[in-house]
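A quick write-up on the structure given underneath.
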Amino acid sequence: MKLMKYLSVTVMVLSFALLNACSSVTDPAETYKNETAQQIFQRGETALRDHGYQEAIKRFEALEVQYPFGRDTEIAQLHLIYAYYMTSDYALAEAAADRFIHAHPTSLHVDYAYFMRGQANYFQNMGVFERVFAVDLATRDLAQIKKSYADFAQVVKLFPNSRYAPAAHQYMIYLRNTLADHELEVAQYYFNMKAYVAAANRASLVIRHYQGAPAIPKALVIMVRSYRALHLKQNETEALTVLQYNYPNSNYVAEALEL
């Protein structure tokens with residue numbers, strides 16, 4: 001009975017604590033209501049410069065709700081993307097960038113929103129451990145990586161003269177190679193499982209869609225060895241010829257010729 005009474009009291013205490021915590025969360029519409037729009041914005045920018053990202057987030061969220069058509073609201077929305085990003089809240093950063101793109105498609109700063117959405121999508125694919133230590137992204141689910149690549153491609157395509165275009169292009173190269181490595185991992189898996197048709201098809205996909213990627217020679221090796229296992233002599237010869245022509249005297253050729 002004493003144990004049950006103790007548990008009941010504990011549950012009540014936790015319930016009150018939860019209610020108090022919930023009640024302490026202030027509605028953005030009520031936050032800083034005694035300040036002008038300019039004061040909220042300027043103090044938000046000060047917090048941002050001082051790396052007070054949580055304070056900046058509260059202020060820019062309040063400004064967005066209280067003054068949706070204010071003079072500084074558009075810039076505040078851009079600051080909000082950055083503040084979310086700097087607090088590692090990549091899902092909110094992506095959502096904020098997406099809202100900005102749809103609300104201000106002709107803004108002079110929309111290229112920044114596309115770029116930041118690309119970065120937010122990239123980092124959403126990685127956990128805390130992976131961000132601190134090196135990780136092979138090719139072994140992960142790459143849905144967010146594909147979205148990130150598309151965002152950076154939009155920057156390069158729509159805003160070729162943007163200050164963010166060179167960095168976006170470098171991201172594209174890296175992510176493209178990552179996607180190629182992922183397909184190569186799948187092809188190698190099929191080959192190891194002796195599913196040679198699937199292995200050859202996946203390796204062929206790498207060669208067709210990721211020309212110039214570092215994964216290409218290894219994909220050719222898998223094609224040569226898969227076709228040999230399938231007794232498709234002509235296909236094997238064609239793949240080996242391409243490999244020898246592009247990578248003569250390399251270890252890849254020797255690997256392809258292994259029995």
Side-chain angles (χ1 to χ4, degrees), residues 25-33 35-128 131 142-176 178:
V25 177
T26 308
D27 188 333
E30 297 296 318
T31 310
Y32 315 114
K33 62 181 180 180
E35 298 182 20
T36 65
Q38 189 175 15
Q39 286 173 328
I40 296 173
F41 177 75
Q42 289 178 344
R43 291 167 185 171
E45 284 201 317
T46 298
L48 200 65
R49 285 194 297 270
D50 294 340
H51 309 294
Y53 300 117
Q54 293 297 344
E55 174 67 13
I57 287 170
K58 288 193 294 183
R59 286 188 169 275
F60 294 136
E61 285 179 342
L63 188 69
E64 191 174 24
V65 171
Q66 296 176 32
Y67 303 96
F69 305 107
R71 183 183 65 180
D72 298 315
T73 301
E74 181 179 327
I75 299 301
Q77 291 168 340
L78 291 169
H79 288 334
L80 197 54
I81 297 168
Y82 179 75
Y84 285 142
Y85 177 83
M86 292 304 292
T87 56
S88 301
D89 201 333
Y90 301 116
L92 283 181
E94 179 199 1
D98 197 58
R99 285 198 307 274
F100 187 92
I101 290 166
H102 286 91
H104 309 284
T106 60
S107 169
L108 295 176
H109 308 290
V110 73
D111 56 337
Y112 174 78
Y114 275 107
F115 183 77
M116 290 301 292
R117 190 172 72 175
Q119 291 209 94
N121 275 319
Y122 171 75
F123 283 108
Q124 276 189 78
N125 196 69
M126 303 172 70
V128 174
R131 289 197 292 274
L142 301 185
Q144 293 297 134
I145 293 296
K146 291 178 180 179
K147 290 172 66 178
S148 179
Y149 181 90
D151 288 327
F152 291 128
Q154 288 284 76
V155 175
V156 172
K157 179 182 177 181
L158 299 177
F159 314 101
N161 298 320
S162 167
R163 61 185 292 189
Y164 305 106
H169 185 256
Q170 291 302 312
Y171 267 112
M172 286 177 67
I173 294 172
Y174 170 70
L175 295 177
R176 182 173 177 270
T178 298

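Predicted model, so just to flag it, every value in this text is computed and none were measured.
- Rounding to the nearest 0.5 Å gives a distance of 12.5 Å between CD of Q39 and OH of Y32.
- For the pair E45 and F60, the minimum side-chain heavy-atom distance is below 4.5 Å.
- Residues M172 and Y149 share a closest heavy-atom pair of O-CE1, 3.3 Å.
- In this structure S162 satisfies the side-chain hydrogen bond (donor to acceptor under 3.5 Å, both in side chains) test together with D111, sequence neighbours excluded.
- Residues satisfying the salt bridge (Lys or Arg N to Asp or Glu O under 4.0 Å) test with R71, not counting sequence neighbours, are none.
- Of the inter-residue distances, the one linking L80 atom CG with Y53 atom OH reads 13.5 Å to the nearest 0.5 angstrom.
- Distance CD1/I57 to OG1/T87: 4.0 Å, rounded to 0.5 Å.
- Contact record, P68 with T73: O-CG2, 3.7 Å, taken as the closest heavy-atom pair.
- Side-chain atoms of Y171 and H169 include no donor-acceptor pair closer than 3.5 Å.
- Taking every heavy atom of both residues into account, Y85 and Q119 meet most closely at OH-OE1, 3.5 Å.
- Under the side chain to side chain contact (heavy atoms under 4.5 Å, CB included) rule, E64 has a single partner from R99, R59, E74, which is R99.
- Rounding to the nearest 0.5 Å places CG of L175 at 10.5 Å from CG of N121.
- Surrounding OH of Y82 are at most 12 heavy atoms belonging to other residues, nucleotides or ligands under 6.0 Å away.
- Using a 4.5 Å cut-off on side-chain heavy atoms (C-beta onward), F159 and Q154 make no contact.
- The nearest pair of heavy atoms linking P160 to A165 is O-CB, 3.7 Å.
- Closest approach of Q124 to Q144, counting heavy atoms only: NE2-NE2, 3.7 Å.
- A search for salt bridge (Lys or Arg N to Asp or Glu O under 4.0 Å) contacts involving D98 returns R117, not counting sequence neighbours.
- No hydrogens or angles considered: a donor-acceptor pair under 3.5 Å links the side chains of Q77 and H104.
- With contacts defined as side-chain heavy-atom distances shorter than 4.5 Å, the pair F100/Y112 does not qualify.
- Taking 4.5 Å as the limit, every side-chain heavy atom of R163 sits out of range of all side-chain heavy atoms of F115.
- The aromatic rings of Y122 and Y174 stand perpendicular to each other, their planes meeting at an angle above 60°, with 30° marking the opposite boundary.
- When all heavy atoms are compared, the tightest approach of E35 to Y67 is O-OH, 3.7 Å.
- Using a cutoff of 4.0 Å between basic side-chain nitrogens and carboxylate oxygens, K58 and E55 are scored as salt-bridged.
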